[in-house]
Amino acid sequence: MRVLFIHADYIEFEAKSKAMKAAEEIERKRERYEECLVAFISVEEGDSSLLHKAVDEIEDVAKKVNAERIVLYPYAHLSSNLAGASEAMDVLRNLEEEMKKRGYEVHRAPFGWYKSFVISCKGHPLSELSKEIKSEEKEEESEALKAEKRTTYWYIMDTDGNLHSVEEFDYRDYPNLKKFADYEISGSRAAKEIPPHVKLMQSLEIADYEPGSDSGNMRYYPKGKLIKALIEEYVESRVLDYGAMQVETPIMYDYEHPSLKSYLNRFPARQYIVLSGRDKYFLRFAACFGQFLMMHDATISYKNLPLKIYELAKYSFRREQKGELSGLRRLRAFTMPDMHTLARDLREAMEEFKKQYEMAIEVLRDFGLSLGDYEVAIRFTRDFYEENKEFIKELVRLVDRPVLIQMWDERFFYFVLKFEFNFVDSLNKAAALSTVQIDVENAERYGITYYDENGEEKYPYILHCSPSGAVERVIYAMLEKADMDAKKGKKPMLPVWLSPTQIRIIPVRDEFTGCAIQEMDYFAKEGFRVDVDDRDLTVSRKIRDAEKEWIPYIVVMGEKEKERDILTVRIRGDGVKEMKREELLEILRNETEGKPKRRLPLPPLLSERPRFR
RNA sequence: GCCACCGUAGCUCAGUCGGUGGAGCGCCACCUUGGUAAGGUGGAGGUCGCGGGUUCGAUUCCCGCCGGUGGCUCCA
């Protein structure tokens with residue numbers, strides 16, 4: 001039900017002609033009421049069950065504006081999902097009855113008529129107000145969330161496995177853990193500034209807002225596209241090494257599909273809705289659906305377990321609230337590496353959980369985020385903890401630092417155990433990166449089964465894993481960390497394997513551009529990203545520009561280098577050194593070993609490059 | 001979704017108590033041929049976010065919308 005409230009000096013309306021056969025019979029065509037709260041109402045499908053909630057809402061508003069006279073005005077134009085005429089009329093009549101019982105003077109404009117009306121709105125802050133009164137299903141959900149809050153317990157677990165209360169833990173050596181715990185528990189946040197990574201993503205020509213799209217849908221310039229592609233390739237190779245099978249599934253799903261619908265209703269977040277003719281589809285907010293539907297149709301033996309399916313969910317869509325969107329930290333369209341593992345029992349699920357936990361640590365390390373650059377949260381039900389205390393302690397030992405623990409008396413979500421690695425930025429906001437969950441609910445919901453040794457059909461446990469978290473969020477964390485480094489006086493940079501230009505060669509004069517290009521070809525042939533600044537500028541100026549791009553190795557070419565056949569290399573944050581080209585090659589090989597390689601995303605000569613910003 | 005602030009050249013921003021606008025950077029041209037974080041001179045470039053309203057006249061005032069940022073709410 002949708003209601004538009006107007007607190008009015010008066011309303012006057014006149015029924016002109018019937019808009020439908022079912023229109024009510026009326027006595028007076030023209031009516032006028034002074035000093036009243038007018039409720040324009042669209043009755044939607046299924047609203048008969050919402051009567052009491054609607055009455056509460058109307059009374060709530062009436063009390064706020066001190067109105068004793070209420071005019072219920074049927075108004076179909078607030079919704080595209082209207083109830084049938086008979087249901088709507090019943091709901092309106094019942095509303096009238098109930099409001100009268102509560103002691104209000106209630107009038108109702110006739111249903112099913114074209115009416116003219118004049119209204120005088122008082123214009124104070126509460127005089128215009130719209131409300132959407134939602135279904136019972138969603139109401140139950142919010143009750144569940146409230147219950148979750150009542151039975152949630154927070155602790156810090158130290159590396160010896162002892163639980164401390166979050167208030168009393170000594171955070172002296174772990175200031176970020178304190179910030180993370182505050183953020184998680186109280187949700188306190190006091191940021192006033194633009195997050196530092198936003199300026200960096202723009203000035204480094206990585207990503208930018210796209211005013212031509214919905215907010216939270218970014219554009220990625222060539223350098224940003226390169227970084228994303230490398231991160232994606234890297235995560236993909238990690239999970240393939242781990243034994244996953246890569247698949248691809250649709251980005252939109254039938255809104256009315258039974259198992260999807262119950263999942264959607266359990267998590268009433270905001271989806272993008274796509275209309276295909278009259279049919280409604282929602283854009284996926286993770287890769288779960290497609291993979292679950294695929295596994296539902298698969299024939300799986302216990303011999304196939306643990307079975308791992310991986311997909312790069314590009315994109316995943318979540319229509320986050322506008323106020324919540326922020327640079328690359330929280331988007332409406334994002335790229336989510338998403339792996340699901342079927343495990344035969346809890347023991348196997350825990351084994352895989354631990355492997356994936358260790359993989360996530362290594363993955364983040366390769367992005368330049370070490371233990372200590374992020375905070376660990378482990379969440380579980382009390383039952384799980386009682387039966388698996390040693391396992392939890394082991395997880396904490398593996399990261400060798402205290403961890404935020406959240407424990408529930410009952411299971412509110414689909415999982416019994418979950419971890420996340422959270423990056424805490426300079427504005428004290430936390431953002432989850434890697435995560436794994438043990439899901440005990442969706443195998444049944446989606447009808448995913450395997451056959452055990454006795455030929456019996458069983459439900460497996462399902463692990464949800466994103467070893468890195470959203471790709472855009474990895475970039476956010478790297479940029480935020482670089483900014484923190486810069487504030488500490490350290491030169492900010494990306495890991496060498498992710499730097500769009502790894503070597504910049506700067507000829508001292510035009511006549512050396514030729515040798516510079518020769519050197520470039522040497523390194524390019526070895527698979528590194530090299531470019532030449534052939535612009536008509538001073539050496540100082542070209543150095544400055546290269547430094548502003550965070551280029552890790554800057555090579556100046558002139559007489560000296562040509563005669564002695566050496567390279568003068570300015571290593572980022574480490575001064576200028578002379579070396580043979582083979583030495584530089586060796587350094588680069590060490591820096592990028594085992595990481596994916598991609599070619600330079602821009603023309604190799606700087607004079608041929610546009611500026612995107 | 002609600003509230004607040006913001007939107008002027010490609011970028012960062014100044015300005016107009018209502019009379020169609022500036023700087024630095026970038027871009028283009030010329031000079032300069034350079035040695036580790038900005039060489040010099042000149043030029044081009046604007047529907048002052050979009051749409052209405054008030055006005056003789058709106059970039060400026062008012063309303064609406066769009067976009068950005070922050071707060072609240074929310075975050076599977």
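Numbered from 1 within each chain, the chains take letters A, B, ... in sequence-line order.
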CZ of A:Arg535 versus P of B:rA29: gap in Å, rounded?
14 Å
Once you round it to whole Å, what is the distance between C1' of B:rC75 and CG of A:Asn422?
13 Å
With the side chain defined as heavy atoms from C-beta on, A:Ser326 is closest, among B:rG71, B:rA37, B:rG70, to B:rG70
Any N or O donor-acceptor pair under 3.5 Å from the base of B:rC75 to the side chain of A:Arg330?
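Such a pair is found, so the answer is yes.
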Using only modelled atom types and a 3.5 angstrom limit, is any donor from either the side chain of A:Glu511 or the base of B:rG34 paired with an acceptor on the other?
no
Whole-angstrom distance between [N] and [M], as gauged at atom [atom1]:
N      : M      : atom1 : result
B:rA9  : B:rG21 : C1'   : 11 Å
B:rG43 : B:rC2  : C1'   : 50 Å
B:rG26 : B:rU12 : P     : 15 Å
B:rG70 : B:rC13 : P     : 15 Å
B:rG53 : B:rU60 : C1'   : 15 Å
B:rC30 : B:rA58 : C1'   : 41 Å
B:rG46 : B:rC31 : C1'   : 30 Å

Respond yes when some side-chain nitrogen or oxygen of [X] is under 4.0 Å from OP1 or OP2 of [N], and no when none is.
X        : N      : result
A:Arg611 : B:rC25 : no
A:Lys429 : B:rG71 : yes
A:Ser540 : B:rG39 : no

Begin with the C-alpha distance, continue with both residues' side-chain angles, and end with the deciding distance and a verdict on side-chain hydrogen bond (donor to acceptor under 3.5 Å, both in side chains) for A:Tyr221 and A:Asp208.
CA-CA 8 Å; A:Tyr221 298 118; A:Asp208 216 331; 2.9 Å; yes
Less than 6.0 angstrom from the centroid, inside 45 degrees of the normal: does A:Lys225 satisfy that with respect to the ring of A:Tyr220?
no
RNA chain B stem ranges, 3 or more consecutive Watson-Crick or G-U pairs under 3.5 angstrom
B:1-7 with B:66-72, B:10-13 with B:22-25, B:27-31 with B:39-43, B:49-53 with B:61-65
